[in-house]
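In listed order, ligands and their atoms are each counted from 1. Here the structure is a predicted model, which is why all the values come from computation and not from measurement.
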Amino acid sequence: MGYAGPRAAAPILIDGLRRLEYRGYDSAGVAICDGPRLAVRKAEGKLARLAELLEDDPLPGTTGIGHTRWATHGVPSDQNAHPHTDPSGEIAVVHNGIIENYLALREELAGRGAVFTSETDSEVLAHLVAEEYTGDLLEATRRAVGRARGAYALVVVSSREPGRIVAVRMISPLVVGVGDGEVFLASDIPALLPHTRDVMVVDNGEIVDVTPAGARLQTLAGEAVQRGLLEVTWDVGQAEKGGYPHFMLKEIHEQPRAIGDTLTGRILDGGGVVLDEVHFPPGFVRSLDRIWVTACGTAFHAGLVAKEVIEGLLRVPVEVAYAHELRYRDPLIGPGSLTVAISQSGETADTLAAARLARERGSRLLALTNVVGSTLSREADDLLYTRAGPEIAVASTKAYLTMLVGEYLLALALGRERGVLGREEVEDLIAGLRTLPRVVEEALGRADEVRVLAERIAERDDVYFIGRGLDYAVAMEGSLKMKEISYVHSEAMPAGELKHGTLALVTEGTPVVVVLTQGATYDKTISALQEVKARRAFTVAVAWDDDDDIGKHAEAVLRIPRVPELLAPVPAVVPLQLLAYYVAATRGHDIDQPRNLAKSVTVE
Ligand code: F6R
């Protein structure tokens with residue numbers, strides 16, 4: 001958030017940040033220019049703590065920037081909170097997103113004597129702007145971002161130029177609000193709405209020069225950009241949801257961005273994988289005898305994918321266990337094993353207990369989690385953060401997909417270190433991973449077809465999901481999404497299991513969703529589909545775009561763009577998330593907060 005105008009900046013920034021708190025809330029801060037004096041106030045914890053600090057000791061000044069953080073690099077703490085300043089304290093930055101080459105930049109700057117006060121990637125930006133500063137903040141910022149790589153939005157102030165704010169957008173969102181003699185910057189529209197409805201959207205690769213008199217846009221190459229103002233007609237509630245009716249739908253649509261962020265900076269051009277916070281001791285991966293994966297709910301379903309992927313690529317046994325089962329068993333976990341605990345929140349009581357048990361038994365613990373600084377992340381030996389951003393809807397969507405991406409990266413890292421992956425295999429997987437943001441975007445573009453189908457399924461009391469191998473894992477997740485938000489009874493099972501009992505429940509019109517992405521078991525699963533069809537089920541298939549035969553077997557087909565089969569769960573789950581969403585919407589449920597459920601289950 002940024003403000004330049006005639007009014008006191010701090011209260012405006014705090015109010016704006018409050019409206020952005022749904023994007024992150026582990027720490028917050030502001031930097032205010034009062035004439036030639038730049039002061040920073042920041043604190044770990046919710047925004048309310050910062051607001052209290054400012055009430056006790058107000059900061060005067062009419063230009064300022066502010067930030068509410070969702071950690072990606074460095075735990076939530078006072079030091080890691082934004083704004084970050086250069087060593088002289090003359091330049092302050094706030095930043096969303098990820099600077100991919102921050103380690104190289106940090107080393108380069110440290111080599112010239114720079115001292116860093118935080119663990120963040122963002123702090124390098126303040127140093128870079130300061131190094132480039134020769135009297136013009138716009139030019140200094142332009143040159144600084146020329147040295148940084150990644151996806152980010154950046155807002156900068158300097159005590160040398162009070163009244164001026166410079167901001168850059170590179171993928172992460174940034175909007176400008178234009179008032180009467182005052183200008184606002186924010187990462188999302190809700191923060192602007194109390195002050196103005198006249199908004200200018202900054203595009204990728206643009207830099208904006210803000211003073212109380214107005215905002216001037218340029219490309220990073222220096223060409224002026226003329227852009228008109230848009231009038232926002234949404235109310236604040238709609239704006240928080242990005243114009244979507246529910247957070248769940250918004251989060252489903254954020255998945256291409258979330259996948260892109262989770263991949264950013266982690267794949268090297270030569271095919272290597274960089275996982276900054278995974279530090280296996282020498283020889284550990286080569287001598288690894290077993291991998292345990294433990295989680296609950298949707299994270300458990302991500303674990304089912306991990307088993308297929310890691311076991312398939314590494315040929316190391318992988319056991320997946322519900323955390324609430326594992327913790328009360330006497331499992332054969334021991335030294336020489338790796339336990340991967342998967343948890344969006346990092347606070348699920350059962351997952352924490354299972355992870356602790358694994359560690360007590362000598363296993364190394366890797367946390368695959370979305371929340372930096374969560375209990376799980378603090379207790380783990382190694383960390384692999386998904387970068388989905390805060391997930392607000394109770395039903396998990398973007399966290400699940402980024403967990404899958406984390407698992408592919410982990411499998412590649414382990415596979416390389418064990419020396420078991422062929423060059424071509426690695427290249428195919430990496431090329432496939434890189435296409436995932438676009439592929440998911442394409443799958444989302446077909447939402448209308450899913451909506452039509454959902455209207456039909458919404459009338460039914462039961463629905464079944466089947467598949468084999470990776471397709472079974474996807475069926476499990478599709479089924480959970482369906483029941484938790486639509487309250488339609490649903491079950492998932494391996495396609496071959498249906499005839500051992502459940503087939504008795506399939507009658508005329510019963511929807512059966514078949515996930516069909518795996519060539520090796522395709523024909524066998526078609527046989528299961530024929531079995532339910534013979535009982536007059538309503539058959540729906542999730543199948544590849546280029547599957548020319550499926551139309552002969554299934555009544556309705558939800559098509560997905562082709563990717564390597566190992567990556568199929570990523571696009572395949574998308575129509576199933578949408579199906580659950582539209583069934584629930586048709587039935588008129590409280591989609592973001594389904595009955596009886598909580599976002600984070602911190603009790604046993
Ligand atoms: C379902 C869902 C839950 C969670 C489960 C684990 O949509 O969100 O099943 O996946 O409660 O939560 P985390 O991942 O926070 O440990």
Side-chain angles (χ1 to χ4, degrees), residues 70 246-252 254-255 258 262 293-306 320-327 339-356 358 365-380 383-407 465 473-488 490 492 569 573-574 576-581 583-584 589-604:
W70 177 262
H246 299 98
F247 278 110
M248 183 182 175
L249 193 59
K250 177 179 181 236
E251 287 162 4
I252 288 174
E254 280 171 357
Q255 293 182 122
T262 305
V293 178
T294 192
C296 304
T298 284
F300 174 80
H301 299 154
L304 295 176
V305 174
V320 198
Y322 281 116
H324 37 85
E325 286 288 308
L326 190 66
R327 64 180 294 193
T339 299
V340 179
I342 311 178
S343 173
Q344 186 284 129
S345 61
E347 302 295 345
T348 299
D350 285 322
T351 307
L352 290 173
R356 283 171 193 148
L365 177 66
L366 184 146
L368 175 57
T369 179
N370 194 34
V371 182
V372 176
S374 55
T375 307
L376 182 63
S377 73
R378 290 199 304 271
E379 294 186 9
L383 297 166
L384 206 174
Y385 288 118
T386 56
R387 297 172 184 153
E391 195 176 57
I392 297 194
V394 166
S396 183
T397 53
K398 61 178 182 170
Y400 170 76
L401 274 198
T402 55
M403 284 168 186
L404 301 192
V405 171
E407 291 166 1
F465 291 78
V474 173
M476 288 285 282
E477 177 56 8
S479 169
L480 179 64
K481 286 291 92 77
M482 180 64 77
K483 67 182 110 176
E484 71 178 319
I485 57 167
S486 75
Y487 314 152
V488 172
S490 100
V573 82
V574 172
L576 301 185
Q577 295 170 335
L578 290 167
L579 188 64
Y581 174 82
V583 170
H589 294 315
D590 181 354
I591 292 181
D592 286 334
Q593 289 177 325
R595 70 185 176 208
N596 307 343
L597 301 180
K599 183 69 191 158
S600 180
V601 186
T602 53
V603 291
E604 280 185 32

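Taking distance alone, with nitrogen or oxygen atoms compared against 3.5 Å, Thr351 stays at or beyond that limit from ligand 1. In terms of N/O distances under 3.5 Å, ligand 1 is approached by Val394.
Atom numbering of ligand 1 starts at 1 in the shown order; those under 4.0 Å from a heavy atom of Ser396 are 7 (O), 8 (O). Residue Cys296 has at least one heavy-atom neighbour below 4.0 Å for each of these atoms of ligand 1: 5 (C), 6 (C), 10 (O). Those atoms of ligand 1 with a heavy atom of Ser345 less than 4.0 angstrom away are 13 (P), 15 (O), 16 (O). Which parts of ligand 1 touch Glu484 is read off a 4.0 Å heavy-atom cut-off, strictly below it: atoms 1 (C), 7 (O). Interface atoms of ligand 1 facing Ser343, defined by a heavy-atom separation under 4.0 Å, are 13 (P), 14 (O), 15 (O), 16 (O). Per-residue contacts place Ala299 under 4.0 angstrom from the following atoms of ligand 1 (heavy atoms of the residue considered): 10 (O), 14 (O). The Ala395 neighbourhood of ligand 1 comprises atoms 7 (O), with distances under 4.0 Å to a heavy atom of that residue.
Aromatic pair Tyr400/His301: centroids not less than 6.0 angstrom apart.
Of the N and O atoms on the side chains of Glu347 and Ser374, not one donor lies less than 3.5 Å from an acceptor on the other residue. Checking Gln577 against Glu477 by side-chain atom types alone, no donor-acceptor pair falls below 3.5 Å. With no hydrogens or angles considered, a side-chain donor-acceptor pair links Thr298 and Lys481 at under 3.5 Å. Looking only at atom types and distance, the side chain of Ser396 has a donor-acceptor partner in the side chain of Glu391 under 3.5 Å away.
Summary of contacts: the protein heavy atom closest to atom 14 (O) of ligand 1 is Gln344 N, 2.6 Å. Residue, atom and distance of the protein heavy atom nearest to atom 4 (C) of ligand 1 are Thr298 N, 4.0 Å. The nearest heavy-atom contact from the protein to atom 12 (O) of ligand 1 is Thr348 OG1, 3.4 Å. Here the protein heavy atom with the shortest distance to atom 11 (O) of ligand 1 is Val601 CG2, 4.1 Å.
Residues Asp590 and Arg595 are not paired through a salt bridge, judged by the lack of any N-O separation under 4.0 Å between the basic side chain and the carboxylate. We find that Arg356 and Glu379 are joined by a salt bridge, their nearest charged nitrogen and carboxylate oxygen being less than 4.0 Å apart.
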- Checking side chain to side chain contact (heavy atoms under 4.5 Å, CB included) for the pair Leu368/Thr386: CA distance, chi angles, key distance, verdict? CA-CA 7 Å; Leu368 175 57; Thr386 56; 3.9 Å; yes
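Put simply, no part of His301 is less than 4.0 Å from ligand 1, judged by heavy atoms.
Thr294 places a side-chain N or O within donor-acceptor distance of the main-chain N or O of Ala321, the cut-off being under 3.5 Å.
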